[in-house]
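Sequence positions, counted from 1, serve as the residue numbers for this chain.
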Amino acid sequence: MAVDVVTEIVIDRPVADVAAYAGDPGNAPTWYVNIESVEWRTPAPLRVGSRLAFVAQFLGRRLAYTYEIVELVPGERLVMRTAQGPFPMETTYRWEPQGPGRTRMTLRNRGEPRGFATVTAPVMAAAMRRANRKDLARLKALLERERGGPGPGGGRTIA
């Protein structure tokens, strides 16, 4: 059974701001509730072929995995993929303008569980959906809270 979870939210910030912040791997632990850390495995800046090691807590388990950037269209789309472990995953961010100063961000996680993970796939999908909703709500709150609040690069102002 494949897992395919799509979540979206409209953020009252321009596409450039949302894409710059959400697309910066260093900001992931700030807006993803379950991500504890991100470490570059290849030199910055982010580009197709970049590799990033993530450590997360999900369903009570510690997960360590490495994503590779497989598609990057600045300000529009970011796709990263991992093939390791019992649950290969692809994560896609998409940013679309929704009028002046507003952005629809879509977060999609899809994968094909293997082994024992096939049994727990429906539970994993439901947990991912809940987590993704919380993550996008947190991202929205961070970016809308203050024009001078957290910004691209982990703290710079986005005006």
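For Glu39, the side-chain hydrogen bond (donor to acceptor under 3.5 Å, both in side chains) partners two or more places apart in sequence, or in a different chain, are Arg41. Qualifying salt bridge (Lys or Arg N to Asp or Glu O under 4.0 Å) partners for Arg77, counting only residues two or more places apart in sequence or in other chains: Glu71. Under the side chain to side chain contact (heavy atoms under 4.5 Å, CB included) criterion, Arg129 pairs with Val5, Arg133, sequence neighbours left out. Take Ala19 and apply the side chain to side chain contact (heavy atoms under 4.5 Å, CB included) test, not counting sequence neighbours, and it matches Trp95. For Gln98, the side-chain hydrogen bond (donor to acceptor under 3.5 Å, both in side chains) partners are Arg104, not counting sequence neighbours. The side chain to side chain contact (heavy atoms under 4.5 Å, CB included) test applied to Pro25 returns Val38, Trp40, Leu46, Leu52, not counting sequence neighbours. Under the rule for a ring pair (Phe, Tyr, Trp, His ring centres under 6.0 Å), the partners of Phe54 that lie at least two apart in sequence or sit in another chain are Tyr65, Tyr67. Applying the side-chain hydrogen bond (donor to acceptor under 3.5 Å, both in side chains) test to Arg94 and every residue at least two apart in sequence or in another chain returns nothing. For Glu36, there are no salt bridge (Lys or Arg N to Asp or Glu O under 4.0 Å) partners at least two apart in sequence or on another chain. Here Thr42 pairs with nothing under the side-chain hydrogen bond (donor to acceptor under 3.5 Å, both in side chains) rule; sequence neighbours left out.
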Set out, in order, the CA-CA distance, both residues' side-chain angles and the distance that settles side chain to side chain contact (heavy atoms under 4.5 Å, CB included) for Val3 and Met128, then state yes or no. CA-CA 9 Å; Val3 171; Met128 270 188 221; 4.0 Å; yes
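Alongside Val33, the hydrophobic cluster contains no other residue (criterion: ILVMFWY side chains under 4.5 Å). The other members of the hydrophobic cluster of Val70, by chain and number, are Val79 (side-chain heavy atoms under 4.5 Å, ILVMFWY only).
For the pair Glu96 and Thr106, the minimum side-chain heavy-atom distance is below 4.5 Å. No side-chain heavy atom of Val55 sits less than 4.5 Å from a side-chain heavy atom of Leu63. Taking 4.5 Å as the limit, every side-chain heavy atom of Tyr32 sits out of range of all side-chain heavy atoms of Asn27. Contact annotation: the side chain of Ile69 approaches that of Leu72 to within less than 4.5 Å [non-hydrogen atoms, C-beta and beyond].
Atoms CG and CZ, from Leu143 and Arg138 in turn, are 12.5 Å apart once rounded to the nearest 0.5 Å. With rounding to the nearest 0.5 Å, the separation of CG in Asn34 from CG in Asn132 is 9.0 Å. Rounded to the nearest 0.5 angstrom, Leu139 CG and Met105 CE are separated by 5.5 Å. For the atom pair CZ (Arg145) and NZ (Lys140), the distance works out to 13.5 Å, reported to the nearest 0.5 Å. Distance CG/Asp135 to CH2/Trp31: 6.5 Å, rounded to 0.5 Å. Between the CG atom of Asp17 and the CG atom of Asp12 there is a distance of 12.0 Å, given to the nearest 0.5 Å.
Side-chain heavy atoms closer than 4.5 Å link hydrophobic residues (I, L, V, M, F, W, Y) into clusters, and following such links, possibly through other members, connects Ile9 to Leu107. Taking hydrophobic clusters as Ile, Leu, Val, Met, Phe, Trp and Tyr residues chained together by side-chain heavy-atom distances below 4.5 Å, Val48 shares a cluster with Leu78.
Closest approach of Thr103 and Arg13 over heavy atoms only: OG1-O, 2.7 Å. Looking at every heavy atom in both residues, Pro29 comes nearest to Ser37 through CG-CA, 4.1 Å. When all heavy atoms of Gly111 and Met89 are compared, the pair lying nearest together is N-SD, 4.2 Å. Among all heavy-atom pairs drawn from Asp4 and Arg108, the shortest one is OD2-NH2, 2.6 Å. Closest non-hydrogen pair, Glu68 versus Gly49, comes out as OE2-CA, 3.8 Å.
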